[in-house]
Amino acid sequence: MHLQCDEGHTISSIEFASYGDPNGSCQTFSQGKCHAANSLSVVSQACKGRNSCSIGISNAVVGDACRHIVKSLAVQAKCSPPPDLSISASS
């Protein structure tokens with residue numbers, strides 16, 4: 001899995017992550033019947049605060065939440081621009 005923000009932006013949060021049989025699409029993702037509980041923490045740890053990230057997703061990395069089911073990973077991330085350092089506080 002690879003995530004990338006626009007140049008100068010960083011991944012400020014992972015709003016949804018599910019490895020298993022997630023449903024929906026961006027803005028409407030939901031967990032399916034099969035969901036690895038640590039999906040969000042694995043993706044957040046690898047990606048938060050970076051411009052881009054890549055993770056090899058497998059049962060060994062995330063865990064096998066349910067056997068004999070073909071799994072996929074759904075992720076929704078939020079990218080934020082760098083802080084505007086040109087604004088100064090007035091005294």
Side-chain angles (χ1 to χ4, degrees):
M1 186 245 2
H2 182 77
L3 296 176
Q4 184 164 358
C5 296
D6 290 341
E7 185 69 32
H9 290 61
T10 58
I11 299 167
S12 56
S13 66
I14 303 299
E15 298 181 341
F16 179 87
S18 178
Y19 177 68
D21 63 348
N23 301 305
S25 57
C26 274
Q27 306 297 325
T28 63
F29 282 126
S30 63
Q31 291 178 7
K33 292 181 180 180
C34 175
H35 168 71
N38 66 340
S39 303
L40 184 64
S41 64
V42 167
V43 175
S44 291
Q45 187 172 21
C47 299
K48 197 171 172 187
R50 299 176 183 214
N51 172 261
S52 66
C53 63
S54 294
I55 307 170
I57 295 296
S58 67
N59 290 343
V61 173
V62 185
D64 192 357
C66 29
R67 299 183 188 280
H68 311 297
I69 290 181
V70 176
K71 296 166 194 72
S72 63
L73 175 69
V75 175
Q76 183 171 317
K78 181 177 181 180
C79 294
S80 295
D84 186 353
L85 301 176
S86 66
I87 299 173
S88 59
S90 56
S91 309

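Numbering starts at 1 and runs along the sequence shown.
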Looking only at heavy atoms, which two atoms of [X] and [Y] are closest? And how far apart?
| X | Y | result |
| --- | --- | --- |
| His35 | Ala17 | CE1-O, 3.7 Å |
| Gly56 | Val61 | O-CG2, 3.2 Å |
| Asp21 | Cys34 | OD1-N, 2.7 Å |

Checking the side chain of [X] only, and the main-chain atoms of [Y] only, is there a donor and an acceptor separated by less than 3.5 Å?
| X | Y | result |
| --- | --- | --- |
| Lys71 | Cys66 | yes |
| Asn23 | Phe29 | no |
| Asn51 | His9 | yes |

hydrophobic_cluster_shared for Phe16 and Met1, side chain cutoff 4.5 Å: no

Within one Ile-Leu-Val-Met-Phe-Trp-Tyr cluster: Ile57 and Ile14, side-chain cutoff 4.5 Å: yes

side-chain hydrogen bond (donor to acceptor under 3.5 Å, both in side chains) partners for Ser39, two or more places apart: none

Quick one: pull up [atom1] in [X] and [atom2] in [Y] and give me the separation to the nearest 0.5 Å.
| X | Y | atom1 | atom2 | value |
| --- | --- | --- | --- | --- |
| Ser41 | Lys48 | OG | NZ | 12.0 Å |
| Thr10 | Arg50 | OG1 | CZ | 11.5 Å |
| Glu15 | Cys26 | CD | SG | 9.5 Å |

Min side-chain heavy-atom separation Tyr19-Asn59 under 4.5 Å: yes

Leu73 and Ile55: CA distance, side-chain angles, deciding distance, side chain to side chain contact (heavy atoms under 4.5 Å, CB included) verdict: CA-CA 11 Å; Leu73 175 69; Ile55 307 170; 5.9 Å; no

Side chain to side chain contact (heavy atoms under 4.5 Å, CB included), paired with Gln4, selected from Cys47, Ser54, Ser52, Cys79: Ser52

